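Reading through the structure tokens given below for one structure.
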There are 2 protein chains.
Amino acid sequence: MLDNLLNFINQFVDFNQNDLIAMQERIETIHLNKNDIFIHEGEIADRIAFTNKGYLRVYYNHEGEEITRDITPLHSFATALPSFVSQTPSFEIISAITECELIVIKRNDLEFLYSTFPKWERLGRRIIEEMFVESQRRIYSFITETAEIRYKRLLKQYPDMIRDVPLKYIADFLGIKLQSLSRLRKSIDW
Amino acid sequence: MLDNLLNFINQFVDFNQNDLIAMQERIETIHLNKNDIFIHEGEIADRIAFTNKGYLRVYYNHEGEEITRDITPLHSFATALPSFVSQTPSFEIISAITECELIVIKRNDLEFLYSTFPKWERLGRRIIEEMFVESQRRIYSFITETAEIRYKRLLKQYPDMIRDVPLKYIADFLGIKLQSLSRLRKSIDW
DNA sequence: AGTTTTATTTAACAAATGTTAAGTGCTTAA
DNA sequence: TTAAGCACTTAACATTTGTTAAATAAAACT
């Protein structure tokens, strides 16, 4: 059940039995149906999720339109971070693109783990470092690459995602309009 | 001398006298002239810098061209993070746009502080969290905003930067070509 | 099965940005 | 002080992406 999470964690730190037990007492697994919301707009994000199954998207309402900033890959962490770190109402919304199984930990519990086990604080830092590096990679990609190359790269990196995620979200993620993505898909000769 | 750094740190954690002393023993201040390189391509980044004075840029060689991904604002941290965290040769280069005064700490010393003082590990996590949030903000901006709006936003947030940083770097940062930025600047009616 | 909603495509035209090639003015260095 | 390089601008044309409005396809619902 926790295999995916443990594999993920072990990339960053070595967990022993105690660390695991401390964690298991503080997590819960929840199930979301398609379009269910994990973090609502205006809510103070006090939970973080590991996507054990399914895809979440992070978006916000921009002039009446939903803008999807992120589609979480399988086996990764997601929360509305600006709200989570500053405990202010979230402008970001997180909802389930597909059916999801999430391993969830509350902010308080996470803070407890951070404060009690230095290893946890380290884990948190390492994970966020990786997320930051990935985020910078995406910025390079916006600066130097055409939408077509970004699309091809996405296909290669997450082939499953294209199967399960509607193109309108993919288009947002790539920074272009749905119609442009459609045109682009047509023009690609493989 | 360390005022700016201490102010920055105190946004995130409360430092006492011991924390400060532990730090002061492990930092050094260096001076860079314009165009001096702080992290070379291929080097393993083992230092992180706080920009006490001046502007750094983070770039890499992309098909014969230098692509500037980041211009560090005053009083912020900079390193070639992918190299720094994984200790692999850096594809990113960091150099001084203007004369710079940097407060520098070595990776080993930082690791020592992380391991010895939980507060430091927390500080590291908090800082990187903020950097990540800022990075996500920039991604939203690439997705939803035109280059003109991104330019105006930059002007407003860092008015000094435009004075001291050549437009070619600003253009890269905004994700457009120098000539497009020039055209855009002309067409703005304030 | 039939109806409604959602997903995706298509097309014509508009707007934004890129490309190439010059030009101007400013700074730097022999 | 002149020559060289750098920073920035300009302009014409090309390409990419956006916009609007439909059409078709697929999925979800009753």
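Keep in mind it's a predicted model, so treat the numbers as computed, not measured. Just so it is clear: chains get the letters A, B, ... in the order the sequence lines come, proteins before strands, and each one is counted from 1.
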Which nucleotide, [options], lies nearest any side-chain atom of [X]?
X: B:Thr146; options: C:dA11, C:dT17, C:dA7; value: C:dT17
X: A:Leu167; options: C:dA12, D:dC8, C:dT8; value: C:dT8
X: B:Pro166; options: D:dC8, C:dG18, D:dG18; value: D:dC8

Whole angstroms only, please: what is the [atom1]-[atom2] distance between [X] and [N]?
X: A:Ile97; N: C:dA7; atom1: CD1; atom2: C1'; value: 14 Å
X: A:Leu181; N: D:dT19; atom1: CG; atom2: C1'; value: 16 Å
X: B:Leu174; N: C:dG18; atom1: CG; atom2: C1'; value: 15 Å
X: A:Phe142; N: D:dT17; atom1: CZ; atom2: P; value: 12 Å
X: B:Ile176; N: D:dT9; atom1: CD1; atom2: C1'; value: 14 Å
X: A:Asn33; N: D:dA27; atom1: CG; atom2: C1'; value: 17 Å
X: B:Gln179; N: C:dT17; atom1: CD; atom2: P; value: 14 Å
X: A:Asp164; N: C:dA7; atom1: CG; atom2: C1'; value: 15 Å

Does [X] have a side-chain nitrogen or oxygen under 4.0 Å from the phosphate oxygens OP1 or OP2 of [N]?
X: A:Ser182; N: C:dT8; result: no
X: B:Lys186; N: D:dA11; result: yes
X: B:Lys177; N: C:dT17; result: no
X: A:Arg185; N: C:dT9; result: yes

### Query
Are A:Tyr151 and A:Arg185 close enough, and set up right, to give a side-chain hydrogen bond (donor to acceptor under 3.5 Å, both in side chains), and what steps lead you there?
CA-CA 9 Å; A:Tyr151 175 65; A:Arg185 279 157 56 90; 2.8 Å; yes

### Query
Is the backbone of B:Glu43 close enough, under 3.5 Å, to the side chain of B:Ser90 for a donor and an acceptor to pair up by distance?
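Such a contact is absent between B:Ser90 side chain and B:Glu43 backbone.
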
### Task
Using atom types as modelled and distance alone, determine if a side-chain donor or acceptor of B:Arg107 lies under 3.5 Å from a backbone N or O of B:Phe84.
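Yes; judged by distance alone, with no hydrogens or angles, the pair exists.
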
### Task
Between B:Ala147 and B:Lys34, just flag the one whose closest nucleotide in DNA chain C comes earlier from the 5' side.
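Its nearest nucleotide lies further toward 5', so the answer is B:Ala147.
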
### Query
Are A:Glu41 and A:Asn61 close enough that a side-chain donor and a side-chain acceptor fall under 3.5 Å?
yes

### Task
Answer with base, sugar-phosphate or nothing: what part of the nucleic acid does A:Leu178 contact at a heavy-atom distance below 4.0 Å?
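The answer is base, as A:Leu178 lies within the cut-off (heavy atoms under 4.0 Å) of a base atom.
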
### Query
Would B:Lys34 and B:Glu99 count as a salt bridge (Lys or Arg N to Asp or Glu O under 4.0 Å) if you check the C-alpha gap in whole Å, the side-chain angles of each, and the deciding distance to 0.1 Å?
CA-CA 5 Å; B:Lys34 187 174 162 180; B:Glu99 270 200 279; over 6 Å; no

### Task
Select from B:Tyr169 and B:Ser180 the residue whose nearest nucleotide in DNA chain D is closer to the 5' end of that strand.
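Per heavy-atom nearest nucleotide, the more 5' residue is B:Tyr169.
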
